[in-house]
Amino acid sequence: MTHDIFAAMRARIVAALREILPDLPEDAFARVATEPPKDAAHGDMATNGAMVVAKPTKQPPQKLAAQLAEKLAALPEVAEATAAGPGFVNLRLRESHLLALVPAVLAAGEAYGDSRMGQGVRVDVEYVSANPTGPMHVGHCRGAVVGDALALLLRKAGYDVTSEYYINDAGAQVQALAHAAYWRYLQALGTDMTEEEFAAQVPGGLQYRGDYLVPVGAALRQIFKDSLAEPGARPAPAGRWLDTVRDFTVTAMMAAIREDLAALGVQHDVFVSEAQLVRDGKLDQAEALLAAKDLIYRGVLEPPKGKTPDDWEPREQTLFRATQFGDEVDRPLRKSDGSGTYFANDIANHLHKIERGFAELVHVWGADHGGYVKRMKAAVGALSDNKVGLDVVLTQIVHVVKGGQPVRMSKRAGTYVTLRDLIEEVGRDAVRFTMLTRKADAQMEFDLDKVIEQSRDNPVFYVQYAHARCFSVLRQAGLAGPAGQGLPAALRASLGAAPLDALTDPAEIALIRRIAAWPRTVESAAAAREPHRIAFFLTDLAADFHVLWNRGRDDATLRFIRAEEQAATSARLALVAATAVTLRSGLAVMGVEPVEEMR
RNA sequence: GUCCCCGUAGCUCAGCAGGAUAGAGCACCAGAUUCCUAAUCUGGGGGCCGUGGGUUCGAAUCCCGCCGGGGACACCA
């Protein structure tokens with residue numbers, strides 16, 4: 001069952017074209033589209049069908065449009081079909097057909113807009129994947145929200161989605177983290193070393209000096225007493241403590257990150273550990289697989305173009321033939337000392353995904369990883385014989401602004417804004433919605449003052465207010481149930497049974513048209529991997545509703561509830577409920593709560 | 001030098017698989033409050049869609065060049 005009246009009409013149009021042009025091959029109709037016209041004066045729908053088939057048949061589009069219009073005019077749901085412009089066919093639907101959507105939406109409830117476009121194809125969406133070296137900060141936030149919304153969106157579009165967090169717990173950064181935690185442990189034991197004395201002994205210097213590791217040091221002392229240190233709380237050889245401290249600290253950091261994610265309402269189905277993949281021999285397995293396809297060799301790379309790093313020297317390394325899959329240069333799998341590169345481990349990660357049977361992989365990465373996309377696509381292509389697709393969604397940086405001034409993001413200066421701070425300041429819904437009000441790959445300004453402002457200028461508020469207004473009306477009519485329950489199925493059914501002939505005002509029809517566009521919005525947003533489109537749709541839908549609401553101010557006969565007009569009242573209440581259902585369906589995709597009352 | 005992203009109203013940004021006369025908010029100007037929440041709404045001015053080509057019946061949208069802004073470019077993750 002589809003509620004997409006555009007998709008349904010498209011099927012009708014293609015069938016009509018087939019009757020007119022029986023000799024055309026199937027794929028000639030692929031570009032036929034049915035969409036709402038920009039100008040409402042053109043009717044409810046427009047199709048380019050005649051223009052699309054004009055070329056292969058070598059017939060003038062206007063002539064075909066006239067034929068098509070004639071056929072479409074005979075359809076029961078069509079009131080009028082006219083050829084227009086360069087070959088469009090404009091359709092005006094019978095009012096009853098448009099109105100019939102209202103009970104359908106009410107019956108579907110929050111499932112309205114669900115699509116089968118994805119056909120149950122298994123998709124893995126990986127996002128966040130922040131290094132487990134500290135609490136999450138604002139920089140991670142956008143990717144988390146975009147990824148989570150994308151997973152929800154693809155699910156709604158009919159894909160079988162697994163959301164995944166890849167824990168980078170195997171590289172040099174977690175070694176550095178372990179040293180930092182070890183320093184806090186020594187402090188907890190009461191060492192008389194200074195931080196700089198200790199730092200001088202750490203290979204690569206002491207990083208991660210933030211306070212957040214202090215409790216980790218204390219916990220280490222509690223569990224291991226002084227067994228990981230030399231007498232006098234002096235540092236012991238790394239071999240005695242490094243693995244232990246690292247694993248303990250990574251676990252603690254991941255626990256903190258999971259709490260942060262929970263506070264943001266972000267869900268991951270699975271957490272995959274890089275270290276575990278390495279222990280399981282996935283890296284060797286991936287390397288063997290690539291070797292068997294003759295995609296690995298020993299070689300020396302050219303120095304990078306442009307400015308050559310000062311310490312550059314030719315080194316023989318194990319290289320992957322990424323150039324065979326569209327990358328610019330071949331990429332190292334092993335460093336000159338023979339250990340695996342991050343890229344190699346990530347190949348193992350992707351092999352792991354491919355083995356689990358995903359047909360499509362999606363990643364949400366920060367824009368600074370843009371240079372990494374081609375090689376990863378090359379690797380996935382190589383591992384899967386080009387059968388599995390990889391899509392990367394890049395998210396641009398977020399500038400936090402308060403009082404017109406940029407909020408500086410510096411770990412060292414201690415002005416680092418954690419995700420938790422942000423959520424506490426403006427609320428989870430505002431964070432999520434606002435992060436989705438820009439295309440992911442466009443830079444964004446996050447104005448702390450604006451997102452809590454209760455005005456038209458703040459889309460979070462504006463959309464939630466529309467939903468609350470719907471409930472306000474239903475409460476006024478004595479219909480809404482207990483707060484927070486949404487609209488019970490029984491109520492939706494009884495509202496949906498009302499005759500709707502009374503819905504004739506242009507603002508009412510405009511609202512229904514908007515609601516009708518929801519399923520195709522879901523599909524196009526999912527196809528483009530652009531969850532921000534949902535935010536824009538909801539803002540438009542909210543605007544249509546606010547307009548209608550205000551019509552009742554200017555003209556009392558247009559109010560939703562009119563004691564003396566039973567038929568009009570029940571029809572309008574059904575429309576209000578359908579609006580609430582659609583708003584709710586959309587907010588669910590964004591992971592934002594549909595509030596039923598504004599305070 | 002190479003690759004990726006961006007360039008649309010004064011500002012912040014949309015533009016739906018290429019469609020008809022390019023939209024919204026803010027700001028500015030003028031209005032609406034005995035009324036289901038004015039926390040909203042109505043009207044107005046404001047554009048060479050960076051630029052030059054190409055593909056097409058048709059381009060802000062796709063392709064190529066150029067200009068401007070941001071990011072990434074062995075042995076980091």
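To find a chain, count down the sequence lines: A is the first, B the second, and so on, and within it residues start at 1.
Take the nearest nucleotide of RNA chain B for A/Tyr465 and for A/Ser524: the residue whose nucleotide is more 5' is A/Ser524.
For the pair A/Arg533 CZ and B/rA24 P, the computed distance is 19 Å after rounding to whole Å. Rounded to whole angstrom, the span from the CD1 atom of A/Ile452 across to the C1' atom of B/rA39 amounts to 14 Å. Rounded to whole Å, atom P of B/rC41 lies 14 Å from atom CG of A/Leu511. Rounded to whole angstrom, the span from the CG atom of A/Leu541 across to the P atom of B/rG25 amounts to 16 Å.
Between the side-chain ring of A/His369 and the base of B/rA72, no stacking contact exists by the 5.5 Å and 30° definition. Using a 5.5 Å limit on the distance between ring centres and a 30° limit on the angle between planes, the aromatic ring of A/Phe88 counts as stacked on the six-membered base ring of B/rA20.
As judged by a 4.0 angstrom heavy-atom cut-off over every strand, A/Ala170 is placed among residues making no nucleic acid contact. Within 4.0 Å of A/Phe343, counting heavy atoms only, lies no atom of the nucleic acid at all.
Phosphate contact (OP1/OP2 of B/rA74, side-chain N/O of A/Tyr372, threshold under 4.0 Å): absent. Here A/Arg456 reaches the OP1 or OP2 of B/rC41: one of its side-chain N or O atoms lies under 4.0 Å away.
With hydrogens and angles ignored, the 3.5 Å screen pairs a side-chain donor or acceptor of A/Asp169 with a backbone N or O of A/Glu274. For the pair A/Asn458 (side chain) and A/Gln454 (backbone), a donor-acceptor distance under 3.5 Å is absent.
Syn is the conformation of B/rA17, whose glycosidic angle sits no further than 90° from 0.
The separation of B/rG25 from B/rC36, taken at their P atoms, amounts to 26 Å, rounded to a whole angstrom. Taking atom P on both B/rC67 and B/rG52, the two are 15 Å apart, rounded to the nearest angstrom.
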Using nucleotides 3-7 of chain B, report all nitrogen or oxygen pairs with the protein that are shorter than 3.5 Å.
residue: B/rC3; atom: O4'; partner: A/Glu328; partner atom: OE2; Å: 3.4
residue: B/rC3; atom: O3'; partner: A/Lys374; partner atom: NZ; Å: 3.4
residue: B/rC3; atom: O2'; partner: A/Glu328; partner atom: OE2; Å: 3.4
residue: B/rC5; atom: O2'; partner: A/Asp441; partner atom: O; Å: 3.3

